[in-house]
Protein chains: 2
Amino acid sequence: MNTQKVTIADVAKRAGVSKGLVSFALNDRPGVSPETRTRILAVAGDLGWKPSLRARSLSTRRSFALGLVVARNPEVLGSDPFFPSFIAGVESILSDRGQALVLSVVPSEEAEIRSYRQLVDDGRVDGVFLTDLRHDDPRIPLLTELGLPAVTLGRPDGPSPFPAVSIDDTPGIAESVAYLARLGHRRIAHIAGSSTMLHGTRRRDAFEAALCTAGLPLGQTIETDFSVAAGSDATRRLLTREDAPTAIVYANDPMAIAGLGVAHELGIRVPDELSITGFDDIDFSRYVYPPLTTVSATPVVWGRAAATTLLALIETGAADDVNLPAARLIIRGSAAAPAHTRKSAT
Amino acid sequence: MNTQKVTIADVAKRAGVSKGLVSFALNDRPGVSPETRTRILAVAGDLGWKPSLRARSLSTRRSFALGLVVARNPEVLGSDPFFPSFIAGVESILSDRGQALVLSVVPSEEAEIRSYRQLVDDGRVDGVFLTDLRHDDPRIPLLTELGLPAVTLGRPDGPSPFPAVSIDDTPGIAESVAYLARLGHRRIAHIAGSSTMLHGTRRRDAFEAALCTAGLPLGQTIETDFSVAAGSDATRRLLTREDAPTAIVYANDPMAIAGLGVAHELGIRVPDELSITGFDDIDFSRYVYPPLTTVSATPVVWGRAAATTLLALIETGAADDVNLPAARLIIRGSAAAPAHTRKSAT
DNA sequence: CCGGGCGACTGAACCGGTTTAGCCAGCCTA
DNA sequence: TAGGCTGGCTAAACCGGTTCAGTCGCCCGG
């Protein structure tokens, strides 16, 4: 078989034109007469010519690939379905556009920085997605220095030259708290994510603001690293206190599910004696018992939007911020009126 | 700044040699005198020369990247922590070797095939990982035809030209059944994975063989697609039957956790009235209540081994099969003696 | 009838490496 | 001393596209 031997020169010779003209025709650039263009394209089709990505990469200094560097320990990564879904969304855009996704999973922040440097040194990608934004995120100046286009998932707290694709997660938390307050809860606690992460503190702030709006006293808040293990620990600490809360708002679903386990273990019935809400609406949430009242995130949509924006940025040099519909509360079975209210109501 | 301008020609000129010789020195090939070599390398270091991956790709026809195509619907993908962990393992090898991972997540089998074709057409990768092996897996002839090196995760059921990196999952299932039988269970059911997947039927076969070994009658088996939703449904069907089993062996943890939810919902106490075992030992398993008795898989190790093998195959043209230590049963709290046994024991 | 402008097209340089043919000096052997 | 071999090195082709300066023919206005 003449395996993958046909080059632009073959097409040019066969069509009786120069290599350059074939290139022009391919990238529909002006300066090629309509009939010549169709002839060239026809010949290319006949010959089954596929322009070499590698050659094109070399001369255009583009790699036609996007990068995603994920710095998380594998455990947290494993229990968080955000990335698989996000990536699925990204792919759904990339595959049609002839782009590839280069993924890098690194164990530490230093490795993360090395990874970005490597990615640009090698010219592996034309742009990257910045997820899990941190306070004063060091990646923003880094990427600015490296001159690598990027899109941030959410708006950074410092100055950023990059477009942001955001989904407001505060209404979801506010709704959760309001819902619990309406059910009659007065001691509501929050098991927060890491305070180094923007979405960790943002959800915590939203929680506190919502308590305030509801006219409730500031509840206990425990900071975690978003991991299932930390969620479990935090829940245990909360529930074994004198003034244990009657409701807990978790910063993500994995921790909420771990919390459910702890409650079961301690013989505390959910939702009768303890109400809990999660965040993310992961697949599991619907199938634990009781099914988790949570806030629905839409990582697939986020992935799509981020990919579209990043490609636009790369191609045109500029792209607008995008605001996705806010995450909303989904009411299932893990929250109810607190025990004393219930009694008095009966 | 002279950003990334230094090429092999600069190094050659500065060192007073030809481009070719610099190339020889870089790839330590014979034909360069020791002192010239060190001089060239010193100059290269001084100038901060980084050979262009793109140029190298073009002339060597290698891409220095490995591919992973995942065909799963995003939901199943999200609740299964196998891939994140596997990828973390792969990365831990790749990053040191200057290789990148190109990830492709596709929704269907046709898209999967297109994805592989695209990957080789574009010369994006030098080899791929074949996960989630299916019966008579069409990817094996496809990749053979495409001439793309690959490593299979597990041994395929048909002929395969590719090295296999395997972890035997049958002992884990066998141990689970033996353990349940020893506890006194006689009606043990299996919620199996998809029968199109090799590991789906393999675990099912192991289950049946183990029942036989234990001298127990063949139990009920329900086939699923490995998803949480399917696990939930299957469990409900099983538990609402006349002759409901006293123990269920699940083909993976997500389904087992969903099963736990269904049991709770139906007011069936685990492990007192129903014992369950899972497979994978995902992060959640330790934190649900009761903590899941399951079989520990080691996807990170698997990823490492697969990456090492694939790189060896690409570089030397051949690589041996690898057999990783078998997955073993981890006893936690979700299995106990069945109710009647317990009664008579008390 | 001439000069200018424009559209279509060519040839060659270029991206930055690798690879091969071949040259030359020096040494060994007959 | 000639002949052959070999280690060290160079020049140029090559990978397969893109890009740019410039040629050529044609149409148009003056």
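Atom set for the values below is all heavy atoms of this structure, side chains included, hydrogens, waters and symmetry mates excluded. Within every chain, numbering begins at 1; the chains are lettered A, B, ... in the order of the sequence lines, protein sequences first and strands thereafter.
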Sidechain-backbone polar pair: B:Asp321 side chain, B:Ala164 backbone, donor-acceptor under 3.5 Å:
yes
Euclidean distance, atom CG of residue B:Asp122 to atom C1' of D:dG16 [Å, nearest integer]:
14 Å
Taking OP1 and OP2 of C:dG17, is either one under 4.0 Å from a side-chain nitrogen or oxygen of B:Arg54?
no
Would you classify B:Arg62 as touching base, sugar-phosphate or nothing, given that sugar-phosphate means primed atoms plus P, OP1 and OP2, and contacts are heavy atoms under 4.0 Å?
nothing
Under a 3.5 Å distance rule, please check whether B:Arg139 uses its side chain to pair with a backbone N or O of B:Thr131 as donor and acceptor.
yes
What integer distance in Å separates A:Arg39:CZ from C:dA8:P?
13 Å
Hey, does the side chain of A:Ser52 come within less than 4.0 Å of D:dG16's phosphate (OP1/OP2), counting only N and O?
no
Which of B:Leu47, B:Asp46, B:Leu41 passes side-chain contact (heavy atoms from CB on, under 4.5 Å) with B:Val11? It is B:Leu47
State whether the side chain of B:Asp137 and the backbone N or O of B:Arg134 hold a donor-acceptor pair below 3.5 Å, judged by distance alone.
yes
Is A:Ser57 touching bases, backbone alone, or none of the nucleic acid, heavy atoms closer than 4.0 Å?
nothing
Rounded distance in Å - NZ (B:Lys13) to P (D:dT10):
15 Å
What's the CH2-P distance between A:Trp49 and D:dG16, to the nearest Å?
12 Å
Rounded to whole Å, the NZ-P distance (B:Lys50 to C:dG17) equals 13 Å
Hey, is CZ on A:Arg14 packed in by over 12 heavy atoms from elsewhere, all under 6.0 Å?
no
Without decimals, in angstroms, what is the distance between A:Leu26 CG and D:dG16 C1'?
12 Å
Check every strand shown and say whether A:Ser33 touches a base, only sugar-phosphate, or nothing at a heavy-atom separation below 4.0 Å.
sugar-phosphate
Determine the interplanar angle of the A:Phe83 and A:Phe86 rings, folded into 0 to 90°, and report it as parallel if under 30°, tilted if 30 to 60°, perpendicular if over 60°.
perpendicular
Does B:Arg37, at its CZ atom, have more than 12 non-hydrogen atoms belonging to other residues, nucleotides or ligands within less than 6.0 Å?
yes
Nucleotide N/O to protein N/O under 3.5 Å, stretch nucleotides 10-15 of chain C:
unit_1	atom_1	unit_2	atom_2	d
C:dT10	OP2	A:Ser18	N	2.9
C:dT10	OP2	A:Ser18	OG	3.3
C:dC15	O3'	A:Arg61	NH2	3.2

Can you tell me the distance, in whole Å, between the CZ atom of B:Arg29 and the P atom of C:dT19?
5 Å
Figure out the CD1/P separation between B:Ile8 and D:dA11, and round it to whole Å.
14 Å
Which part of the nucleic acid, if any, lies within reach of B:Arg37 when heavy atoms closer than 4.0 Å are counted: base, sugar-phosphate only, or nothing?
nothing
